[in-house]
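Here's the structure, in structure tokens; my notes come after.
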Protein chains: 2
Amino acid sequence: METTADETSPRAGLRERKKQRTREALLRAALELFTTQGYERTTVDEIAEAVDVSQRTFFRYFAGKEEVALFTQGVAEARFLDAVRERPPQEAPLEVLRRAVLEGWDTIGEAVESVVPLELHMRAYQLIESTPALLAAYLRRSAELEEEIARVIAEREGLDVDADPRPRVAVAVFGGVMRITGRLWSEGADHSIPAIRELTTAYLDQVGPALAEKWRTE
Amino acid sequence: METTADETSPRAGLRERKKQRTREALLRAALELFTTQGYERTTVDEIAEAVDVSQRTFFRYFAGKEEVALFTQGVAEARFLDAVRERPPQEAPLEVLRRAVLEGWDTIGEAVESVVPLELHMRAYQLIESTPALLAAYLRRSAELEEEIARVIAEREGLDVDADPRPRVAVAVFGGVMRITGRLWSEGADHSIPAIRELTTAYLDQVGPALAEKWRTE
DNA sequence: AGGCTAGTGACAGCCACTGACAGTTGACAA
DNA sequence: TTGTCAACTGTCAGTGGCTGTCACTAGCCT
């Protein structure tokens with residue numbers, strides 16, 4: 001009964017490791033069920049049963065169905081936020097954001113993979129985009145993330161978010177473009193990383209032109 | 001079969017008028033309860049009881065609690081969409097959006113007032129901004145609205161939304177700014193129409209500066 | 001007046017989620 | 001090793017949003 005296994009985290013007690021395993025099992029089972037039979041058609045009981053714990057236990061690990069479904073997104077978002085923080089101080093705000101995402105598309109994989117197969121995370125994203133309830137929750141979280149990023153940007157530039165509108169505006173513009181590309185990517189046929197990278201750069205390059213006075217000059 | 005013009009004035013049958021009255025009573029009761037005791041702390045049964053109908057009937061008029069709470073927002077959004085459509089064809093895209101909102105802040109009042117006191121609508125908006133579940137639903141609907149507006153803009157300019165990124169980008173940028181101002185307005189102290197107008201113009205004027213390469217040149 | 005049917009209430013049931021309580025099991029000291 | 005404590009968990013009961021069904025009432029139409 002004494003599994004001297006160490007494997008994952010350095011040295012946590014058996015209890016801790018057990019919890020970790022349960023959490024991951026629930027997460028994986030949930031995403032698997034959601035992406036195969038659909039979010040609404042999957043009940044919490046099913047998820048709990050798949051992991052062989054009580055429904056009550058599920059709710060001790062996750063606040064609700066939504067939270068599980070958006071969990072890996074949270075990992076990716078945290079990764080992105082870090083990437084923004086680690087950008088060199090002399091870079092211009094928009095450049096920071098641009099590079100943080102593009103770099104993110106590569107490194108996020110590792111961060112996610114430690115919890116769930118990357119492919120499952122991708123499927124989960126498409127699920128979110130195509131499930132109204134999840135998209136709503138996702139957008140709300142994105143709004144919160146934008147506020148945080150705006151504060152980071154403001155700090156970089158030595159500004160007060162409440163006094164100078166530019167940080168929030170810049171982030172909002174950027175976030176808006178990201179929403180578009182995310183949606184198009186999930187709706188499109190090519191769900192590869194390079195595909196989203198190209199879409200992102202292409203659309204970011206259109207911000208200037210889109211704000212131009214006259215569009216009909218070609 | 002007759003296609004009666006419902007919604008507005010023309011004498012409809014008694015049955016029709018009765019329905020209209022029930023719907024409005026439910027809407028008003030719901031908003032009143034939501035804004036006084038909070039969204040989550042208000043049950044559908046309470047709303048139904050306040051209007052003296054069964055809970056089942058409530059669900060025949062509204063898809064759920066969310067829908068009632070966001071109803072007047074829907075009216076305002078429809079009004080805004082119309083305003084965009086009615087802008088003179090020579091106006092530049094961003095100018096169209098800018099003028100449509102600013103004009104909207106004045107005319108939306110009338111459209112809303114025909115269903116619910118304007119003041120109640122305002123309170124409802126603040127409720128939405130401060131209630132996570134409602135904010136989520138609101139943001140999702142906003143995303144849908146943005147897509148529609150992008151199509152309208154594209155058509156104005158004789159473009160294909162899927163071929164040219166600019167319509168969606170322009171609308172996303174604009175929508176992003178509107179989100180900021182909406183939030184700040186609801187969080188602020190002055191909940192008047194002029195206040196939101198000023199905020200809107202001030203922030204829209206910051207889009208250019210926010211996208212500039214260097215911010216520290218003052 | 002009488003048939004037709006939209007609209008309603010009453011009832012049953014599903015599912016997400018929560019509080020309460022008791023049983024089980026790692027952690028840790030004796 | 002053993003006993004105590006605290007963390008986890010399962011069970012049970014209950015609330016609230018939401019849906020299907022069905023019988024019944026009340027406008028509508030001829």
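None of these values were measured; they are calculated from a predicted model. Per chain, numbering begins at 1; letters A, B, ... match sequence-line order.
Every side chain to side chain contact (heavy atoms under 4.5 Å, CB included) that Asp160(A) has, sequence neighbours left out, goes to Asp162(A), Ala163(A).
Checking the phosphate oxygens (OP1, OP2) of dA6(C), no side-chain nitrogen or oxygen of Lys19(B) falls inside 4.0 Å. Side-chain nitrogen and oxygen atoms of Tyr61(A) include none within less than 4.0 Å of the OP1 or OP2 phosphate oxygen of dC8(D). Under 4.0 angstrom from either OP1 or OP2 of dG26(C) there lies at least one side-chain N or O belonging to Lys18(A).
Rounded to whole angstrom, the span from the CD atom of Gln55(A) across to the P atom of dG19(C) amounts to 14 Å.
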key: Evaluation steps, side chain to side chain donor-acceptor pair (under 3.5 Å), between Asp190(A) and Ser192(A)   = CA-CA 6 Å; Asp190(A) 188 350; Ser192(A) 68; 2.8 Å; yes
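Trp185(B) and Trp105(B) have tilted rings, their planes meeting at an angle from 30° to 60° on a 0 to 90° scale.
Counting all heavy atoms, side chain and backbone alike, Arg98(B) lies closest to Thr201(B) at NH2-O, 4.1 Å. Nearest heavy atom pair, residue Arg166(A) against residue Ala210(B), reads O-CB, 3.7 Å.
A heavy atom lying under 4.0 Å from DNA chain D marks the following residues of residues 42-52 of chain B, by number: Thr42(B), Thr43(B), Val44(B). Within residues 27-34 of chain B, no residue places a heavy atom under 4.0 Å from DNA chain C.
For the pair Gly64(B) and Arg60(B), both in contact range of DNA chain D, the more 5′-proximal nearest nucleotide belongs to Gly64(B).
Here Phe58(B) lies out of heavy-atom contact (under 4.0 Å) with every strand.
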